[in-house]
Amino acid sequence: MMKRKKIFRCGRLPSEFFNRPTLSVAKELLGKIMVYGKYAGVITETEAYIGQDDPACHAARGKTPRNSVMFGPAGVSYVYFIYGMYHCLNFVTEEEGKAAAVLIRGLMLLEPSQEHLNGPGKLCRHLGITCEHNGLDLGQSEFFYVKDSPLSPPFEATPRIGIRQGQDKLWRFVVKKEKQK
DNA sequence: ACCCCGATCGTA
DNA sequence: ACGATCGGGGTT
């Protein structure tokens with residue numbers, strides 16, 4: 001008798017997932033599983049940075065060596081160094097030539113421990129993500145990718161954190177806390 | 001060559 | 001609410 005296969009394949013998200021409107025990608029990444037080496041966790045918080053018209057986006061003043069991968073194809077990591085001591089991880093979105101990305105701000109680890117990495121700096125520090133990991137193709141890498149998930153958790157939209165310009169946009173998306181029984 | 005500031009974090 | 005911290009991007 002044939003065994004039924006798992007209903008949810010939960011395969012890797014392809015580059016096409018990221019090659020879409022950034023706000024859609026930022027919202028839909030919530031609940032997905034990010035895999036980085038031995039680490040795996042549920043994405044719980046994201047922010048969208050969209051193109052040269054978004055004053056908070058690193059690409060607002062054009063292409064530079066630092067932000068160049070934002071102008072490239074979607075589904076690639078964009079890692080930058082900030083405040084002299086932290087790194088931040090993004091995933092490039094939209095079609096090649098349009099500079100946009102989603103900042104990963106929160107990760108609920110599943111493996112190998114179960115802590116909640118809240119904050120982009122803490123997240124990168126804990127996982128060991130640095131500028132060496134800038135420009136990696138999440139559609140190809142064996143150790144760094146995002147898995148699909150049946151989860152579609154409720155979330156709220158707020159202004160983005162730590163920016164001076166563009167605070168009018170509600171482009172931060174946070175999974176709501178689970179209600180306690 | 002140099003200056004200034006930041007997509008943060010932890011403590012007050 | 002605020003200070004620590006400092007590399008490097010952007011400009012001189």
Side-chain angles (χ1 to χ4, degrees), chain A residues 13 17-32 34 36 39 41-109 113-138 144 146 155-177:
Chain A
L13 292 177
F17 174 88
F18 298 93
N19 188 10
R20 293 188 299 134
T22 306
L23 292 177
S24 301
V25 176
K27 295 171 189 171
E28 292 175 31
L29 275 176
L30 299 174
K32 300 291 190 292
M34 187 181 108
Y36 180 79
Y39 297 100
V42 180
I43 297 172
T44 59
E45 182 180 342
T46 60
E47 281 178 2
Y49 290 87
I50 312 177
Q52 305 199 237
D53 295 330
D54 174 7
C57 181
H58 286 169
R61 297 194 178 186
K63 192 173 182 177
T64 68
R66 177 176 66 153
N67 66 27
S68 63
V69 306
M70 288 183 89
F71 289 79
V76 171
S77 62
Y78 169 46
V79 182
Y80 61 87
F81 186 75
I82 191 68
Y83 294 122
M85 51 172 87
Y86 297 108
H87 295 270
C88 291
L89 169 67
N90 302 250
F91 299 144
V92 175
T93 58
E94 311 259 3
E95 65 194 29
E96 190 164 356
K98 177 167 180 180
V102 173
L103 172 67
I104 307 301
R105 295 187 52 88
L107 194 67
M108 180 68 80
L109 282 182
S113 62
Q114 286 196 200
E115 51 196 304
H116 190 194
L117 306 178
N118 57 332
K122 286 192 281 184
L123 191 157
C124 285
R125 188 183 57 188
H126 192 275
L127 301 188
I129 292 174
T130 69
C131 292
E132 296 175 26
H133 307 99
N134 186 45
L136 299 180
D137 185 351
L138 301 174
F144 192 14
V146 181
F155 64 89
E156 57 188 352
T158 80
R160 293 169 291 181
I161 304 295
I163 57 171
R164 302 177 69 93
Q165 296 174 307
Q167 298 187 14
D168 53 318
K169 305 289 197 301
L170 303 182
W171 287 355
R172 171 174 175 255
F173 306 105
V174 199
V175 172
K176 287 183 180 173
K177 274 187 170 180

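All chains are named by letter (A, B, ...) in the order of the sequence lines, taking the proteins before the strands, and each is independently numbered beginning at 1.
- In this structure a side-chain-to-backbone donor-acceptor pair under 3.5 Å is missing from Ser77(A) to Phe91(A).
- At dG10(C), one or more side-chain N or O atoms of Thr64(A) fall inside 4.0 Å of OP1 or OP2 (strictly under the cut-off).
- The distance between atom NZ of Lys122(A) and atom P of dT8(B), rounded to the nearest whole Å, is 12 Å.
- As judged by a 4.0 angstrom heavy-atom cut-off over every strand, Leu103(A) is placed among the base-contacting residues.
- The residue Arg160(A) sits apart from the nucleic acid: no heavy atom pair falls under 4.0 Å.
- When heavy atoms are screened at a 4.0 angstrom cut-off, Arg172(A) is found touching no nucleic acid atom at all.
- For the C1' atoms, the distance from dT12(C) to dG8(C) is 16 Å, rounded to whole Å.
- Counted within 6.0 Å of CG on Asp168(A), heavy atoms from surrounding residues, nucleotides or ligands total more than 12; the atom is thus considered enclosed.
- Between His133(A) and Phe144(A), the ring center distance fails the sub-6.0 Å criterion.
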(message) Apply side chain to side chain contact (heavy atoms under 4.5 Å, CB included) to residues Met34(A) and Leu89(A) and explain how you reach the verdict.
(response) CA-CA 12 Å; Met34(A) 187 181 108; Leu89(A) 169 67; 3.8 Å; yes
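- Note on Asn67(A): nothing from the nucleic acid sits closer than 4.0 angstrom, heavy atoms only.
- To the nearest angstrom, P of dA7(B) lies 18 Å from CZ of Phe173(A).
- Under the Watson-Crick and G-U wobble criteria, each requiring two contacts below 3.5 Å, nucleotide dA1(B) is paired to dT11(C).
- Checking dG7(C), dT5(C), dC9(B) against every side-chain atom of Met85(A), the shortest atom distance belongs to dT5(C).
- Look at the P atom in both dT11(C) and dA7(B): the space between them is 15 Å, to the nearest Å.
- For Tyr86(A), the listed nucleotide lying nearest its side chain is dT8(B); candidates were dT8(B), dA7(B), dG10(B).
- Across all strands shown, Gly121(A) has heavy atoms under 4.0 Å from sugar-phosphate atoms exclusively, and none from any base.
- The side chain of Arg164(A) lies closest to dG6(B) when the candidates are dC9(B), dG8(C), dG6(B).
- Going from atom CD of Glu132(A) over to atom OG1 of Thr130(A) covers 4.0 Å, rounded to the nearest 0.5 Å.
- Considering only side-chain N and O atoms, Arg105(A) lies under 4.0 angstrom from the phosphate OP1 or OP2 of dT8(B).
- When rounded to the nearest whole Å, the span between CZ of Arg66(A) and P of dT11(C) equals 12 Å.
- In this structure, the CZ atom of Phe91(A) is 19 Å from the P atom of dA7(B), given to the nearest Å.
- Nearest nucleotide to the side chain of His58(A), out of dG10(B), dG7(C), dA7(B): dA7(B).
- Rounded to an integer number of Å, the gap from CD of Glu132(A) to P of dG7(C) is 16 Å.
- Within the nucleic acid shown, Tyr83(A) comes within 4.0 Å of at least one base atom, counting heavy atoms only.
- Here dC9(B) presents its P atom at 11 Å from CG of Leu117(A), a figure rounded to the nearest Å.
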